[in-house]
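Below is one structure, written out as structure tokens; comments come after it.
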Amino acid sequence: MTVIINGSSATLPGDPRVSLLDFLREHLHLSGTKKGCDQGACGACTVLVDGERILSCLALAVQFDGRQVTTIEGLSDDAGLHPLQQAFIEHDGFQCGYCTPGQICSAIGMAAEAKRGLPSHVSADLTAEVTLTREEMQERMSGNLCRCGAHNGIIDAIRETVVAGMAA
Amino acid sequence: MTPFSFTRATDPDEALRLFEGNASYLGGGTNLVDLMRETIARPERLVDVTALSDTIEETADGGLLIGAAVRNTALAEHLGVRTRYPVLARAILAGASAQIRNMATVGGNLLQRTRCLYFYDHAGSRCNKRAPGSGCDAVHGFNRNHAILGASPLCVATHPSDMCVALAALDATVHLTGAGGARTLPFTALHRLPGEHPEIDTVLEPGELITAIELPPLPFAANSTYRKVRDRASYAFALVSVAAALEIEGGQIRDVRIALGGVAHKPWRATTAEAALRGGPATEAAFRDAAITELADAKPLSDNGFKVELVTRTLAAVLSELAGAAA
Ligand SMILES: Cc1cc2nc3c(=O)[nH]c(=O)nc-3n(C[C@H](O)[C@H](O)[C@H](O)COP(=O)(O)OP(=O)(O)OC[C@H]3O[C@@H](n4cnc5c(N)ncnc54)[C@H](O)[C@@H]3O)c2cc1C
Ligand code: FES
Ligand code: FES
């Protein structure tokens with residue numbers, strides 16, 4: 001059983017108790033993805049699976065046979081940072097940085113959802129094209145908490161990048 | 001976590017075959033993995049059912065058949081759901097977070113367990129749902145989030161799902177398969193009230209598998225919505241919620257569907273309020289009176305008396321909104 005992590009194949013753990021989060025951090029030493037609560041309440045562990053944002057802490061690694069996982073480590077390359085990472089720096093989108101990998105992966109997933117027209121809890125019209133207002137972004141990013149309160153910078157960074165169409 | 005074996009089923013028959021002894025089906029894992037980590041759930045075998053039907057199909061009579069493995073996001077995103085059953089799309093979008101909705105399956109959402117803090121606190125609290133016969137620390141404890149309808153002295157927990165409140169309002173049907181063959185159940189008959197056995201959430205037989213949810217055609221559900229009241233604006237469970245659909249003709253209520261969340265051990269179909277409203281005027285006063293009638297038997301606990309007025313106001317506000325949209 002193998003999973004593709006940031007483009008490289010990895011053998012899934014034999015013990016089914018291992019969460020995708022522990023598999024990434026402890027087995028593969030990809031410690032960019034963070035463990036905040038380990039119970040689905042903070043979003044620090046957000047990764048992308050086949051382009052969709054999920055919580056790796058509530059996911060058993062064995063469920064991801066044959067899937068493509070992207071973590072924060074997979075977003076940048078030798079050529080430089082992902083535009084969203086750069087925007088987080090420019091807009092002070094973090095203080096301690098603990099929530100940041102989850103915020104960035106989540107925002108990339110969010111951009112794709114908005115692009116394909118998925119409405120949110122605050123969308124007045126469930127079938128209209130999505131306009132990512134500040135209120136829409138706040139609602140769509142509510143699964144990612146920031147204890148440092150960097151939310152304004154986070155939203156600014158996402159707005160700049162998503163509006164420029166670079167995040168997806 | 002207690003050790004367990006893991007297998008993956010590719011069809012319902014295989015799932016039933018793999019389910020042996022102390023086993024559990026596994027959907028997105030967003031509730032079960034958490035409960036296993038807390039050792040509140042201790043299955044020895046997990047049967048992954050996420051490879052089962054994840055399609056949403058039109059039925060011959062104009063309804064929708066939703067596979068149990070459909071993810072919550074996919075259900076809210078489906079255009080037929082958004083246009084014909086907006087209450088369902090809105091209820092799903094009001095629940096959890098985007099990441100959790102991407103993982104959660106329809107089957108798992110139905111069978112998620114209560115969020116009562118005493119149920120979760122296995123180290124320090126008594127809970128008849130977690131440990132039958134141990135007692136209930138919520139009845140005289142911190143019970144702000146607990147039930148006002150249909151509770152028993154043994155358990156005052158509420159069902160936490162938003163999606164299920166919409167399904168209760170929409171007259172959905174649950175498709176099941178088990179050792180005794182396939183059967184269907186009205187959605188409102190799936191979850192139980194706690195009574196003498198709060199440890200049992202539903203009427204499912206051990207090992208019985210949810211295969212699909214069916215929505216009947218309900219044209220007036222195009223005028224439906226969901227409102228959730230909670231302590232923060234997003235990513236929080238409901239204090240109370242209302243799912244409703246309303247049909248008005250010549251200023252009179254022709255038909256109405258109402259279900260309440262956050263008030264009982266199961267999604268609460270408000271049949272008393274519906275009966276009071278049908279054929280009557282679509283006025284705010286009538287909406288309030290219907291809510292009061294529905295809540296006549298409410299038994300608030302020490303901390304949750306506010307829910308009676310909160311449900312009344314929320315229900316009146318939701319129906320007024322729908323009446324405005326229908327006018
Ligand atoms: C932080 C947090 C916040 C949340 N907030 C909300 C909220 O505001 N509103 C809300 O409604 N929900 C909320 N949820 C709950 C979430 O909606 C549920 O955890 C989710 O719907 C469960 O689906 P799943 O597929 O992950 O289920 P799993 O965890 O995989 O399974 C749950 C149960 O269903 C059983 N099961 C799964 N599929 C089947 C099947 N086909 N047949 C029979 N049994 C089956 C499993 O055996 C298990 O007992 C929240 C969860 C978290 C972690
Ligand atoms: S660590 Fe996964 S949500 Fe907090
Ligand atoms: S930057 Fe510290 S938690 Fe967000």
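Predicted model, so just to flag it, every value in this text is computed and none were measured. Labels below follow one simple rule: chain letters A, B, ... track the order of the sequence lines, proteins then strands, and each chain is numbered from 1.
How far OH of B/Tyr235 is from NE2 of A/His121: 15.0 Å, rounded to the nearest 0.5 Å. Note that CE of B/Met1 is 7.0 Å distant from OG of A/Ser19, once rounded to the nearest 0.5 Å.
Counting all heavy atoms, side chain and backbone alike, A/Leu58 lies closest to B/Thr30 at CD1-O, 3.5 Å. What you find for A/Ser142 and B/Ser234 is that their closest heavy atoms are OG-OG, 2.6 Å. Considering all non-hydrogen atoms of both residues, B/Arg8 and A/Gln63 come closest at NH1-O, 4.1 Å. Contact record, B/Ala98 with A/Arg53: CB-NH2, 3.1 Å, taken as the closest heavy-atom pair.
Contact annotation for B/Ile92: neither backbone nor side-chain heavy atoms come within less than 4.5 Å of a heavy atom of chain A. In this structure, chain A has heavy atoms under 4.5 Å from both the backbone and the side chain of B/Ala94. Looking at B/Leu46, only its side chain comes within 4.5 Å of chain A, counting heavy atoms on both sides.
Chain A forms the most heavy-atom pairs under 4.5 Å with one residue out of B/Thr73, B/Leu93, B/Asn31, and that residue is B/Leu93. Contact count against chain A (heavy-atom pairs under 4.5 Å) is highest for B/Pro3 among B/Gly29, B/Pro3, B/Ser5, B/Ala96.
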Verdict with reasoning, B/Arg71 to A/Glu52, per side-chain contact (heavy atoms from CB on, under 4.5 Å): CA-CA 12 Å; B/Arg71 306 285 173 168; A/Glu52 301 250 312; over 6 Å; no
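Each salt bridge (charged side-chain N to carboxylate O under 4.0 Å, His left out) pair with one or both residues in residues 12-31 of chain A, not counting sequence neighbours, appears once here: A/Asp15-A/Arg17, A/Asp22-A/Lys35.
For residues 122-130 of chain A, the interface with chain B (any heavy-atom pair closer than 4.5 Å) comprises A/Ser123, A/Ala124, A/Asp125, A/Leu126, A/Thr127, sorted by residue number.
A salt bridge links B/Glu77 to A/Arg116: at least one charged side-chain nitrogen sits closer than 4.0 Å to a carboxylate oxygen.
B/Arg37 contributes a side-chain N or O that, together with a main-chain N or O of A/Asp38, makes up a donor-acceptor pair within less than 3.5 Å.
No option in B/Val33, B/Leu32, B/Asp48 other than B/Val33 meets the side chain to side chain contact (heavy atoms under 4.5 Å, CB included) test with A/Leu60.
The side-chain heavy atoms of A/Asn144 and B/Gln99, taken from C-beta on, include a pair separated by under 4.5 Å.
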